[in-house]
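Worksheet for the structure shown next.
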Amino acid sequence: MVTQFLPRRGPDPAAVRGAAWVARCVGRGETVPLGPEDLAALAGSLQARSLQAGQVLFAAGTGPAGVWLVRSGQVELSVGSGRRRAVLAVLGEGDVDGDIQLLLRMPPPYTARAVDRVECLFLSPEEFDRLITARGQLARRWLTSVAARLASSQSRLVGLLGGTLTAQTARLLLDEADRDGRIALSQATIAAMLGARRPSVNKVLGELAHAGLIEVSYRSIRVVDRNRLGTVT
């Protein structure tokens, strides 16, 4: 792991741009704008970190490790190991984690591991506490982000409970698809996220592809018809 500490005094333009990028990730800029002083304070607190595939950002039960903001690459959140391993989510560009655990003073219930090369920005627990205590606008934006993520997780959980494996798979694909309809997850990861056997999930994906709802190729899935996929039961 390589760590680069950003300057504490007079943050350079690149650092401020990084802070602005963070601000966009953790809230809605149109409703809760940050001033130049907030961005400068955030820029002075960030640490840039690079991780290789397989490296752990933080482990389950180890106590709050800080706030992580993914700039590129993928980070897998999982519990258990071996056959009992379950993937809860895969973080990508713009995703945030670790802040809710810090706010609640609780250890993370899952392990975060880099799927491929990952570039992150990191806030230590001390810096995070200082920022949200001293900067009201920043705290408000962050709480907006927390509320939105919790609401999204709740909606996703409700959508996955009680449905058939086909309906659960369709919902997961819609949740994970980008604007172009592409899902940057392997079929093994999708199976782990659903808590299902890979052959069963592969069969469902084949059926959805045969119906013209998705396209499946080597290490690639693309949603073709969002509307119809959303009606799968």
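Every value quoted in this text rests on a predicted model; they were computed, and no experiment measured them.
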Would you say [X] and [Y] make side-chain contact, with heavy atoms under 4.5 Å?
X: Val56; Y: Thr111; value: yes
X: Pro107; Y: Gln101; value: no
X: Leu165; Y: Ser200; value: yes
X: Leu121; Y: Gln47; value: no
X: Ile221; Y: Gln187; value: yes
X: Leu205; Y: Ile214; value: yes
X: Leu123; Y: Leu131; value: yes
X: Leu185; Y: Leu173; value: no

- request: Could you walk me through whether Arg222 and Ser217 pass side-chain hydrogen bond (donor to acceptor under 3.5 Å, both in side chains), step by step?
  value: CA-CA 9 Å; Arg222 186 174 72 87; Ser217 57; over 6 Å; no
[X] atom [atom1], neighbour heavy-atom count above 12 within 6.0 Å:
X: Glu37; atom1: CD; result: no
X: Arg228; atom1: CZ; result: yes
X: Arg117; atom1: CZ; result: yes

Between [X] and [Y]: side-chain donor-acceptor atoms closer than 3.5 Å:
X: Thr169; Y: Thr166; answer: no
X: Ser72; Y: Glu119; answer: no
X: Gln137; Y: Arg135; answer: no

From [X] atom [atom1] to [Y] atom [atom2], the distance as rounded to the nearest 0.5 Å:
X: Leu42; Y: Arg141; atom1: CG; atom2: CZ; answer: 10.0 Å
X: Asp225; Y: Leu208; atom1: CG; atom2: CG; answer: 11.5 Å
X: Glu127; Y: Leu46; atom1: CD; atom2: CG; answer: 9.0 Å
X: Gln74; Y: Asp95; atom1: CD; atom2: CG; answer: 10.0 Å

Where do [X] and [Y] come nearest, in terms of heavy atoms and distance?
X: Pro108; Y: Ala59; result: CG-O, 3.4 Å
X: Ala139; Y: Ile132; result: CB-O, 3.4 Å
X: Gly98; Y: Val67; result: C-CG2, 4.3 Å
X: Ala191; Y: Arg198; result: CB-CA, 3.8 Å
X: Asp116; Y: Gly73; result: OD1-CA, 3.4 Å
X: Ala41; Y: Arg130; result: O-NH2, 4.3 Å

query: Between Asp99 and Arg149, is there a side-chain N and carboxylate O pair less than 4.0 Å apart?
result: yes
N-O pairing of Asp129 and Arg105 below 4.0 Å: yes
Would [X] end up clustered with [Y] when hydrophobic side chains under 4.5 Å apart are linked, directly or stepwise?
X: Ile190; Y: Val223; answer: yes
X: Val115; Y: Phe58; answer: no
X: Val216; Y: Val224; answer: no

task: Determine the interplanar angle of the Phe128 and Trp142 rings, folded into 0 to 90°, and report it as parallel if under 30°, tilted if 30 to 60°, perpendicular if over 60°.
output: perpendicular
field: Intermediate values then yes/no, side-chain contact (heavy atoms from CB on, under 4.5 Å), Ser50 and Val118
entry: CA-CA 6 Å; Ser50 299; Val118 172; over 6 Å; no
Please check: side-chain N/O of [X] versus main-chain N/O of [Y], any donor-acceptor pairing under 3.5 Å?
X: Gln55; Y: Gln52; value: yes
X: Thr144; Y: Arg140; value: yes
X: Asp178; Y: Asp180; value: yes

- prompt: Please walk me through it: do Val75 and Leu51 pass side-chain contact (heavy atoms from CB on, under 4.5 Å)?
  reply: CA-CA 10 Å; Val75 175; Leu51 301 100; over 6 Å; no
field: Residue pair Glu93, Val70: steps toward the side-chain contact (heavy atoms from CB on, under 4.5 Å) verdict
entry: CA-CA 5 Å; Glu93 180 182 356; Val70 182; 5.5 Å; no
message: What verdict does the side-chain contact (heavy atoms from CB on, under 4.5 Å) test give for Leu57 and Asp97, after you've listed the backbone C-alpha separation in whole Å, the side-chain angles of each residue and the deciding distance to 0.1 Å?
response: CA-CA 10 Å; Leu57 285 72; Asp97 205 278; over 6 Å; no
